[in-house]
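Comments concern the structure below.
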Amino acid sequence: MTREEALDSVKANVENENLVKHMLATEAIMRALARRFGEDEEEWGLTGLLHDIDVELTEGDISTHSKLGADLARELGASEAMAHAILCHNSAHGVLLETKLDKALFCADPLTGLIIAAALVRPDKRLAGLEAKSVLKRFKEKSFAAGANRQQISQCSEIGLELDEFIEMGLVAMQGIAGELGL
Ligand SMILES: [Fe+2]
């Protein structure tokens, strides 16, 4: 599967532009994590890009979300490792996070929402001038972007990253695709 094929499939299955942007942001963070850990950047990036491909198809049903996504990813040619990471990013199935790829996707997913929310409350609504320390401050405000699960983000410790370092990496990765994110 090429990146273009993966992105075409995401766009064919997801109408909501913000959801597509969420997947692009997750891809960017996953690529940065793969580079950091010397892992396969394409594999990690495409896992991030595809991880919510089924969200509209499953219409918010968490009992099917990510099961269908894993199947769709396999059909596109994803490896079992990628499909497993996609499957277990939804903890509703009770499938344990096993590999570093599983754990990376799990903590990267909610970080995108926190960073986007932190950018949107800036006067310029841009990622460019946002600093990691501001995102960290927002992280500690429980009511801010409450949907961005703090406990899940904190599980970056499971892949050996301190929270401040993880936030910095995520922010820089997303700033690198700010144009695509419209931020
Ligand atoms: Fe997601």
Side-chain angles (χ1 to χ4, degrees), residues 1 3 6-34 43-74 76 78 81-120 127 135 138-139 144-156 158-159 161 163 166-167 169-171 173-174 176-178 180-183:
M1 161 186 30
R3 181 182 185 267
L7 185 57
D8 284 350
S9 187
V10 164
K11 288 180 175 169
N13 286 291
V14 180
E15 269 183 23
N16 182 321
E17 276 186 28
N18 286 332
L19 258 171
V20 174
K21 287 176 185 172
H22 162 64
M23 285 185 266
L24 288 168
T26 309
E27 178 195 13
I29 298 177
M30 291 296 287
R31 285 183 181 276
L33 290 170
E43 181 177 55
W44 283 42
L46 295 185
T47 302
L49 181 60
L50 291 170
H51 82 278
D52 274 339
I53 189 169
D54 67 353
V55 161
E56 290 182 359
L57 295 168
T58 55
E59 297 176 335
D61 176 359
I62 59 159
S63 71
T64 51
H65 167 51
S66 89
K67 274 188 181 162
L68 178 61
D71 287 341
L72 290 173
R74 279 189 199 96
L76 285 165
M82 295 167 73
H84 190 269
I86 291 170
L87 176 67
C88 62
H89 95 272
N90 173 9
S91 50
H93 306 310
V95 181
L96 293 180
L97 305 174
E98 289 168 6
T99 65
K100 207 164 191 176
L101 176 57
D102 295 345
K103 293 170 185 172
L105 178 63
F106 191 73
C107 61
D109 182 13
L111 180 61
T112 65
L114 179 71
I115 292 174
I116 287 173
L120 290 177
L127 279 168
V135 181
R138 295 298 190 183
F139 178 94
F144 180 83
N149 187 320
R150 307 301 202 266
Q151 202 257 335
Q152 193 171 334
I153 295 171
S154 299
Q155 283 188 235
C156 60
E158 302 270 321
I159 52 171
L161 291 176
L163 182 62
F166 181 47
I167 286 176
M169 281 181 72
L171 177 61
M174 285 174 60
I177 59 157
E180 281 171 85
L181 299 177
L183 293 166

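None of the values given here were measured: they were computed from a predicted structure. When a ligand or atom number is given, it counts from 1 through the structure's own listing order.
- For the Fe ion (ligand 1), the N/O/S atoms of H22 include one lying under 2.8 Å.
- The nearest N/O/S atom of D109 to the Fe ion (ligand 1) is OD1.
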### Task
Show the numbers, then the answer: is there a side chain to side chain contact (heavy atoms under 4.5 Å, CB included) between E43 and M82?
CA-CA 7 Å; E43 181 177 55; M82 295 167 73; 3.4 Å; yes
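- Closest approach of A70 to A83, counting heavy atoms only: CB-O, 3.5 Å.
- T99 and H84 are not linked by any side-chain donor-acceptor pair at a separation below 3.5 angstrom, with hydrogens and angles left out of the test.
- Between the side chains of D52 and H89, at least one donor N or O sits under 3.5 Å from an acceptor N or O.
- Nearest N/O/S atom of D52 with respect to the Fe ion (ligand 1) is recorded as OD2.
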